[in-house]
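Here is the structure we will look at.
Order of the sequence lines sets the chain letters (A, B, ...), proteins ahead of strands, with each chain counted from 1.
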Protein chains: 2
Amino acid sequence: MRPMSLPVGLPALADSDLVGQVARILTQAVVQGRLPPGSKVVEAGIARELGISRAPVREAARLLEKQGLLVARPRRGFFVRKLEIKNIDEIYDLRLCIERHASVLAARKLTTESRDALRRQIDVLHRTADLDDPARQVEEDYRFHRLIFEIADNRRLLRLFDDLAAELRMVIGLIGRLYDDPHEIARTHEPLLAAIEAGHPERITAHVDYHIGHAWREVGKLVRELAPPVSDAGVPPGLILDPANGVTV
Amino acid sequence: MRPMSLPVGLPALADSDLVGQVARILTQAVVQGRLPPGSKVVEAGIARELGISRAPVREAARLLEKQGLLVARPRRGFFVRKLEIKNIDEIYDLRLCIERHASVLAARKLTTESRDALRRQIDVLHRTADLDDPARQVEEDYRFHRLIFEIADNRRLLRLFDDLAAELRMVIGLIGRLYDDPHEIARTHEPLLAAIEAGHPERITAHVDYHIGHAWREVGKLVRELAPPVSDAGVPPGLILDPANGVTV
DNA sequence: TAATCGTCGATTGTCGACAGTTTAGTCTTG
DNA sequence: CAAGACTAAACTGTCGACAATCGACGATTA
């Protein structure tokens, strides 16, 4: 018998996915400030603007609720979550907690392949640093840390990390630029990897503490600077969504 | 497994919070084995049986998906999640990770009131031990550990714990009885509390490791015992579950 | 004979509508 | 002039309907 199915990996065409698209559009709207923190997300309004019914909007909102971008209040709808400093601190506190754990686990389960993957990702970080593309830099940084969780091989841990990262990226997106010197951030990953390779738990956690702690302080500082003067006042009327901006295919 | 509608009669309902009620009913159906692991949850079927429309059923399913009881596969519906040993291990691994952290935090933030609350809960555990009510015992045990997370004062950490506990309790509920000697389990909380009161991080984590590790091993043992691999057409290999026993989550 | 294709029933994704509840705004009333 | 009662508009929760899609099974082809 011969292997019949197409062996080649095709880009899983899942983009008749209305819900996913709506979720992306809403996320962008929030990140870009068109939907300010605390503002109400009116199902019918979004639906009308996108030319669809309320059902997929609702599902998308639920999805974003799970991701922590929106909060649902029964009988009164979805609201864009307000970012308080305490939230940031809680997120980073948890992140620190699980990343220590994941890093130690990863060290224990490290193979030559996974080690090389990490090294390669650090290279990518360095190369990205030249591009002056903060969003990309954040993305590749995320990739590195995600790799660690993948190597740790606990799906639940990985999912949790993804959830936290989604929230953090939103915050970072709002802030705009996170690092002053992109190369600096690339370089700081090296001792962390070294510690993981060495497999010494104390050194690993110490490096994780330093590494994550640094980001924590930076983000905290920036958020505090931006002094979220949450205006509970009404949302600017008119078009807040731009379908052309987010719709893929 | 043949995709068919829910066979068993479910209690009719009328009150408000339809979604919550449906979620509870579905949860019961799963726990009681009327919805075996891996079986399909047909929206229309449930809706018809409860005398409501598909919308609230859908929402309830999404809720249970978030809780991990169901899994959603796009375009083909919701399924009762199958329990794999690996899942249990992953849950406990994460639990251990965050409970260490929470316990250290709790020690740092301990007040006389919160300390007394913990002590009282240990008393409750002892009193409950006489009742020969395993479910209640598990519940009070959960309360104790939840207290620690409350004292740690990180809402996100607390929510995560609640999520994990919900899953674990379901497993434990299905197993039936977790502890041989209820007083034994009550007693093992005492050195943990002592360590927290002393505020020595190493001792705390050591006790948490012992305490949670014990539960981990017990649950793992029991699940392994009553979950021999079943080869059912359509069920992917590698899964450890026993539909006949109704072991799910 | 085995793999692939076509067909058909079952089921999800999406839609528009309606009723009850919440909210915003207006009108009393002390 | 402030506090409360009322009213109307806006919105969510829920419903029933329809088309697109999935899975199963039998037909078809090599």
Handout entry: Distance-only donor-acceptor check, side chains A:Gln121 and A:Glu140, under 3.5 Å
Key = yes

Problem - Phosphate OP1/OP2 of C:dT14 contacted by A:Ser53 side-chain N/O (<4.0 Å) - result: no

Problem - Between C:dG13 (C1') and B:Phe78 (CZ): distance, integer Å - result: 11 Å

Handout entry: Rounded distance (Å) that lies between atom P of D:dT14 and atom CZ of A:Arg54
Key = 11 Å

Handout entry: Residue-phosphate contact under 4.0 Å: A:Arg73 side-chain N/O, D:dT12 OP1/OP2
Key = no

Exercise for the section: Can you figure out which of D:dT12, C:dC15, D:dG23 approaches the side chain of B:Arg76 most closely? Expected result: D:dG23

Practice task
Give a yes/no answer on whether the side chain of A:Lys40 brings an N or O atom under 4.0 Å of OP1 or OP2 in D:dA10.
Solution key: no

Practice task
To the nearest Å, give me how far apart CG (A:Leu18) and P (D:dA19) are.
Solution key: 18 Å

Practice task
Mind checking ring pair (Phe, Tyr, Trp, His ring centres under 6.0 Å) for B:Phe149 and listing every partner two or more places apart, or none if nothing turns up?
Solution key: B:Phe161

Exercise for the section: Return the nearest nucleotide to the side chain of B:Arg58; candidates are C:dT14, C:dT11, D:dT12. Expected result: C:dT14

Practice task
Give B:Val41 one of three labels, base, sugar-phosphate or nothing, depending on what nucleic acid heavy atoms sit under 4.0 Å from its own.
Solution key: sugar-phosphate

Practice task
Flag the pair B:Arg73 and B:Glu65 as a salt bridge only when some basic side-chain nitrogen lies within less than 4.0 angstrom of an acidic carboxylate oxygen.
Solution key: no

Exercise for the section: Between D:dC15, C:dT12, D:dG13, spot the one nearest the side chain of B:Ala55, thanks. Expected result: D:dC15

Problem - Integer-rounded Å distance: C:dT12 C1' and B:Glu59 CD - result: 15 Å

Handout entry: Nearest-Å distance for atom pair CG/P, residues A:Leu50 and C:dT14
Key = 13 Å

Exercise for the section: Using ring pair (Phe, Tyr, Trp, His ring centres under 6.0 Å) as the criterion, list what pairs up with B:Phe79, not counting sequence neighbours. Expected result: none

Problem - salt_bridge(A:Arg58, B:Glu59) N-O dist < 4.0 Å - result: yes

Problem - Spacing between B:Asp17 atom CG and D:dT12 atom C1', to the nearest angstrom - result: 14 Å

Practice task
Let me know the distance between CD1 of B:Ile52 and P of D:dG16, rounded to the nearest Å.
Solution key: 10 Å

Problem - Distance, rounded to the nearest Å, where B:Arg62 contributes CZ and D:dG13 contributes C1' - result: 17 Å

Practice task
Could you check A:Arg75 against A:Val19 and say which one's nearest nucleotide on DNA chain C is further toward the 5' end?
Solution key: A:Val19

Handout entry: Which nucleotide in C:dT11, D:dC18, D:dT14 has an atom nearest any side-chain atom of B:Pro56
Key = D:dT14

